Every structure is written in C-alpha cells, then in structure tokens.
Protein chains: 2
Amino acid sequence: MNAIENSPLARKLMAFVALSAGELAVLERLHQRRRTFAAGRDLVHQGQPEQAAYILSEGWVCSYKIQPDGSRQIVDFQIPGDFLGLRSVLLQASDHSIEPIMQIEAAEVLADDLITAFAETPRLAMAILWAASRDEAMVVEHLVGLGRRDADERMAHFLLELGARLELVGMGSKSGYDCPLTQYHLADALGLSAVHVNRVLRQLREDGLATFRAGKVTFDNYDRLVALAEFDPAYLDQARPFLK
Amino acid sequence: MNAIENSPLARKLMAFVALSAGELAVLERLHQRRRTFAAGRDLVHQGQPEQAAYILSEGWVCSYKIQPDGSRQIVDFQIPGDFLGLRSVLLQASDHSIEPIMQIEAAEVLADDLITAFAETPRLAMAILWAASRDEAMVVEHLVGLGRRDADERMAHFLLELGARLELVGMGSKSGYDCPLTQYHLADALGLSAVHVNRVLRQLREDGLATFRAGKVTFDNYDRLVALAEFDPAYLDQARPFLK
DNA sequence: CGCGCAATTGAGAGCGGTCAAAATTGGTGG
DNA sequence: CCACCAATTTTGACCGCTCTCAATTGCGCG
C-alpha cells in the first residue's frame with residue numbers, strides 16, 4: 001500500500017517536521033480532487049485572476065513570464081511535491097503563467113480547505129510555510145545566479161539544485177536523475193540562448209563533470225561540479241528535521 | 001499632527017484596502033519600539049538566525065547576497081513603508097543580508113505582536129499579505145530583467161519601478177524623486193559593472209530620457225522611458241483599492 | 001590642502017548572441 | 001519494418017554588448 005507518507009509532498013515536509021498520523025491524514029485530505037493536465041496547456045495564464053492552488057503529485061511544470069517582445073523567462077520549475085500558485089490563492093491576479101512540461105497529475109486545493117487544515121494542524125501549517133519560504137529562497141538564488149554567475153557556473157548550479165530537490169522527494173541522487181527538460185527550457189530558465197546552452201552542456205560533458213542527455217542528468221564528478229558552481233545548499237534548508 | 005495614516009506603510013496599505021480607525025490603531029501599535037540604525041552596518045547578516053522583523057519608516061536599505069568570490073548581488077531595495085525580514089520571522093536562518101544605505105529609522109515588530117494584530121484585524125492582515133506578495137512579484141520581475149533585458153532596458157525599468165513605489169508612499173512623482181543610491185548600488189542590483197552603469201546612465205541622459213545625478217532621479221521623458229523599458233506596472237498591483 | 005570615495009572616460013578583450021545549416025532523435029502511419 | 005516529419009540537438013562563423021584594466025576628474029570633509 002502506497003500510503004500518504006510516501007507521497008512526494010509528505011516526504012519533503014517530513015524533512016522539516018516529523019508529521020503525526022493525524023497530520024498526515026489532514027494532508028491526505030488535501031489530496032482529494034485529483035486532476036490531470038496535458039503538456040503545454042497553461043494551468044494559469046499571466047493576468048488571469050487565480051482561484052485555486054495545486055499540489056503537484058506527478059510530472060514537472062514551469063512558471064514563467066512572457067515579455068512583450070516574445071522572449072520568455074522561466075522563473076522556476078516545480079517537481080512532484082511542490083505547490084503551484086500557493087501565493088496567489090489569497091491574492092490578486094497571477095503575474096505569471098504556469099505550464100506543464102509533460103502530462104501531470106495535481107490535486108486542486110481550495111483556499112478554504114487550506115485554511116481549515118492550517119487551523120487544525122499548526123505543525124502542518126508550519127511545514128507548508130517552510131516549503132513556501134524555501135521556494136522563495138530558490139527564486140532569490142536564481143536571481144543571484146542570473147546577476148552574478150557566468151554560463152558554466154549557472155548551468156552547474158542549476159543541475160545541482162534540481163538534483164538536491166529531487167533527492168528530497170526520492171527522485172534523484174548524487175549520481176543523477178531523470179530530467180524531462182529540453183535545452184530550450186534550460187535556456188529560458190538560465191537567461192541564455194539555446195545554442196549557448198548546448199555549448200555549455202558539451203563543455204561540462206567533455207570536462208567530465210556532468211552529462212545531460214536523453215532525458216537524464218548524470219553527475220560524472222559531483223564534487224568538482226559543486227566546486228565549479230560554488231554550490232552551497234544552505235538556502236534549501238533541507239539538512240535537518242529540527243522540529244522532531 | 002502627523003497621524004498614523006500619513007506614515008508610509010499606512011499610505012501604501014490604503015492603496016489596497018481602506019483601513020478603519022481601529023485598524024490604523026493596531027498598525028500604530030506595531031510602530032512602537034522605534035530604533036535607529038547607522039548606514040553600512042548590517043541589520044541582518046547572511047546565515048544568522050533571525051528573530052524580529054522591522055517596518056522601515058525612514059531611509060533606504062538593501063537586501064543582498066555575497067558570493068564566495070566576493071561579488072555582491074542586491075536582491076532588492078526597501079524604502080519607507082516596507083517590511084524587512086518579514087518572511088524569515090516564522091522561519092529558519094536568513095539566507096541574505098540587509099544593510100542600511102543611509103541612517104534609517106525602523107520599528108521592530110515581534111512575531112507575537114504580528115500574530116496578535118493579524119488575529120484582531122483580518123483586513124489589516126490581508127493588506128500586509130498583499131504587500132508581501134507584491135514584494136515577491138518585484139523579486140520575480142527583477143529576475144526577469146536580469147535574464148531577458150539588456151543593460152539600457154534594465155536601468156530604465158529599475159528607475160521606473162522605484163519611481164512607482166516611491167509615488168505610492170508620497171516620495172516621488174512622474175517627474176522624478178530623490179535617490180540616495182550610488183552607481184555601485186545600481187551595478188550590484190542590475191548585474192552590471194559600475195563602469196557600465198555609468199555609460200548606461202550617460203546614454204539615458206544624452207537621449208533625454210532620464211537623469212541620475214546628485215542624489216536625484218529626473219524623468220526627462222517619462223513616456224519614452226516606459227517604452228524603452230517596456231514597463232508594465234501591473235505586477236505592482238497598485239492601481240486599485242479593491243476592498244473598499 | 002589633501003584624502004577618500006564616487007563618477008567618468010578610453011582602449012582592448014571575451015563571453016555569449018545571432019544566423020544558418022546539418023545531424024540526430026522520436027513519433028506516426030503505411 | 002520502413003519511410004517520413006517535426007522537434008531537438010549540434011556545430012561553425014561572425015558580431016556586439018558588457019567586462020576588465022587603467023587613468024582622470026570631481027566632490028565632501030577633516
């Protein structure tokens with residue numbers, strides 16, 4: 001039986017707080033209303049008023065903004081266990097779009113259900129707020145990368161961050177992970193051209209650091225990659241369950 | 001008498017919700033514990049556990065991250081009426097540093113006081129969450145700029161955003177505003193070198209778009225500047241008090 | 001008056017962009 | 001199983017934006 005505690009979200013939250021059976025039950029309740037979305041069809045579109053949030057249980061999505069000139073900047077990717085559109089539940093129109101990279105499964109979460117759950121289980125609320133704040137820290141780190149890292153470091157850092165996130169939900173390790181992104185996705189996320197992304201990937205591969213190929217990322221030399229990226233996962237704050 | 005409703009924070013929040021006398025009184029209570037900080041002395045330092053948040057009432061500060069190689073990326077600036085360290089009140093160690101750009105005045109806000117205030121006045125809580133979400137949207141827009149705008153557009157967009165924010169608290173207009181930043185601040189925020197910032201500013205000045213000089217920003221041609229930056233202030237969400 | 005910081009300007013180099021084309025891959029239907 | 005098409009990946013040539021290095025100027029303050 002694949003109980004709730006093996007869901008990606010529960011795995012992630014339990015890295016932060018140990019959740020009781022009761023809290024897990026509340027979490028499970030939030031997972032009703034399962035829905036499926038096709039690749040490429042926007043879940044949320046820039047400018048729309050937003051109503052519900054989602055818990056992503058299968059597949060990857062990306063959040064992005066389109067510029068007037070048509071170029072796209074991906075703000076971040078969400079993987080299983082991540083919330084979608086959490087911040088905008090309470091608030092105004094969405095300022096960005098959300099697109100599934102592949103067919104995904106997500107549980108719709110109504111604002112009221114979330115508020116009820118928070119009231120019942122403060123520790124669960126803490127854990128979810130922790131996750132939200134971690135998402136924010138990732139956006140900030142992304143911003144820093146765009147401002148202050150060159151293309152190689154950016155790519156290395158990106159691959160490592162994604163690996164660390166996936167590891168937390170049991171979908172990756174220090175040797176690598178499955179990755180459905182195209183080089184265009186990488187380009188739009190890293191503020192590079194797709195052509196240059198390709199060159200950077202070749203460089204990493206030829207230097208024996210990492211391989212991005214056929215939907216798989218392989219860390220050929222994890223430590224040297226960390227050194228290149230100056231990757232310090234402190235901002236991910238996933239080293240310690242500190243509320244036992 | 002300079003009542004609470006003329007404080008920068010109240011002015012800003014009232015662009016979002018009309019606050020009652022009672023709500024304003026609660027807001028005023030949060031402004032006890034006034035403190036002064038000198039320029040250049042970090043309020044919060046990267047990696048420290050953080051305890052309190054602040055409401056900035058006078059002066060400017062910047063939030064930044066230092067890279068291992070010593071370079072600095074400024075994530076955003078805070079102006080009067082902004083919260084400092086709000087997100088990290090509930091949570092772990094700060095992932096960034098906060099430094100006053102000049103001598104500032106700020107009111108320390110304890111987590112408990114904030115929670116009490118939220119419980120008493122849900123509308124005030126809504127307004128503060130709106131402000132927090134607006135801050136996040138600004139970080140995202142900043143990220144987009146670093147990824148997808150060239151130096152001129154970036155600078156133009158930055159000057160316009162700051163102008164719009166200052167206008168909301170009564171410290172700026174479409175003709176310009178006082179700005180205590182150095183060109184090094186601009187460089188660290190925009191992901192450019194200080195040298196290039198200088199060239200970009202000269203360009204804007206010579207093109208008759210905007211002048212940055214002697215602590216003042218002057219919009220010489222607001223509309224053309226907006227066009228260059230493709231500045232769409234929708235993400236600032238400050239067009240409408242929609243909860244009367 | 002002189003020190004230090006901020007602003008300014010010039011010259012040269014390089015990272016990453018654009019344009020263009022070819023090779024590879026995966027999916028689809030005959 | 002094979003042929004074909006679209007999407008993705010790969011590579012080369014050239015260009016330009018922005019960086020670095022270096023020097024100079026301007027300004028506020030002791």
Side-chain angles (χ1 to χ4, degrees), chain A residues 38-40 60 62 67 69-74 99 101-103 145-159 178-207 210-218 228, chain B residues 39-40 60 62 67 69-74 99 101-103 145-156 158-159 178-207 210-218 228:
Chain A
W60 295 32
C62 66
Q67 296 295 98
D69 71 356
S71 66
R72 176 171 81 154
Q73 177 64 48
I74 293 179
E99 178 191 286
I101 284 166
M102 50 201 294
Q103 177 172 306
L146 291 175
R148 289 297 173 215
R149 281 195 268 266
D150 69 23
D152 296 322
E153 297 166 352
R154 226 129 97 193
M155 179 66 74
H157 196 278
F158 176 81
L159 296 177
D178 289 335
C179 174
L181 303 178
T182 68
Q183 296 185 5
Y184 287 93
H185 286 122
L186 298 181
D188 287 346
L190 300 179
L192 301 169
S193 69
V195 172
H196 199 61
V197 162
N198 186 275
R199 285 192 259 261
V200 168
L201 288 173
R202 171 157 56 122
Q203 189 66 42
L204 291 180
R205 193 182 335 122
E206 290 177 351
D207 289 351
T211 307
F212 178 98
R213 193 185 274 286
K216 274 196 179 359
V217 172
T218 310
L228 169 62
Chain B
W60 295 31
C62 67
Q67 295 296 97
D69 71 357
S71 66
R72 175 170 82 154
Q73 177 64 48
I74 292 179
E99 177 192 287
I101 284 165
M102 50 201 293
Q103 177 172 307
L146 291 176
R148 288 297 174 214
R149 281 194 267 266
D150 70 22
D152 297 323
E153 298 165 351
R154 226 129 97 191
M155 179 66 75
F158 175 80
L159 296 177
D178 290 336
C179 174
L181 303 178
T182 68
Q183 296 185 6
Y184 287 93
H185 286 122
L186 298 181
D188 286 347
L190 299 179
L192 301 170
S193 67
V195 172
H196 200 59
V197 162
N198 186 277
R199 284 192 257 263
V200 168
L201 288 173
R202 171 156 56 123
Q203 189 66 42
L204 292 179
R205 193 183 334 124
E206 290 177 351
D207 289 351
T211 307
F212 179 98
R213 193 185 273 286
K216 276 196 179 358
V217 172
T218 309
L228 169 62

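Atom set for the values below is all heavy atoms of this structure, side chains included, hydrogens, waters and symmetry mates excluded. Lettering follows sequence order; numbering is per chain, from 1. Since the model is a prediction, treat every value here as computed from it, not as a measurement.
Nearest to the side-chain atoms of A:Y184 among the listed nucleotides D:dT9, D:dC19, D:dA22 stands D:dT9.
Position along DNA chain C of the nearest nucleotide to B:A194 versus A:S193 favours B:A194 as the more 5'-ward residue. Of the residues near DNA chain D, A:V195 and B:L192, the one whose nearest nucleotide (by heavy atom distance) lies more toward the 5' end is A:V195.
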Walk me through whether B:V200 and B:L186 qualify under side-chain contact (heavy atoms from CB on, under 4.5 Å).
CA-CA 11 Å; B:V200 168; B:L186 298 181; over 6 Å; no
Apply side-chain contact (heavy atoms from CB on, under 4.5 Å) to residues A:L228 and A:L204 and explain how you reach the verdict.
CA-CA 10 Å; A:L228 169 62; A:L204 291 180; 3.8 Å; yes
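Going from atom NE2 of B:H196 over to atom C1' of C:dC15 covers 14 Å, rounded to whole Å. In this structure, CG of B:L146 is placed 15 Å from P of C:dG16, rounded to the nearest angstrom. The nearest whole Å value for the distance from the CG atom in A:L186 to the C1' atom in D:dT8 is 12 Å. Atom NE2 of A:H185 and atom P of D:dA7 are 14 Å apart (whole Å). D:dA7 atom P lies 16 Å from atom CD of A:Q183, rounded to whole Å. In this structure, the CG atom of A:N198 is 18 Å from the P atom of D:dA7, given to the nearest Å. A straight line from CD of B:E153 to P of C:dG17 spans 15 Å, rounded to a whole angstrom. The CZ atom of B:R148 sits 17 Å away from the P atom of D:dC17 (whole-angstrom rounding).
With A:R154 as the partner, the side chain to side chain contact (heavy atoms under 4.5 Å, CB included) test is satisfied by one option alone out of A:L146, A:V197, A:L159: A:L146.
For A:R199 against C:dT18, a side-chain N or O and a base N or O form a donor-acceptor pair under 3.5 Å. Interface remark: the B:R213 side chain does not form any donor-acceptor pair with the C:dT8 base, using a distance-only criterion of under 3.5 Å.
A:T182 comes within contact range of the sugar-phosphate backbone alone, with a heavy-atom separation under 4.0 Å but no base atom that close. Across all strands shown, A:G215 has no heavy atoms under 4.0 Å from either base or sugar-phosphate atoms. Contact annotation for A:L201: no contact, since no heavy-atom pair falls under 4.0 Å across all strands.
A heavy-atom distance below 4.5 Å is found between the side chains of B:R213 and B:R205. The shortest distance between side-chain heavy atoms of A:R72 and A:H185 falls below 4.5 Å.
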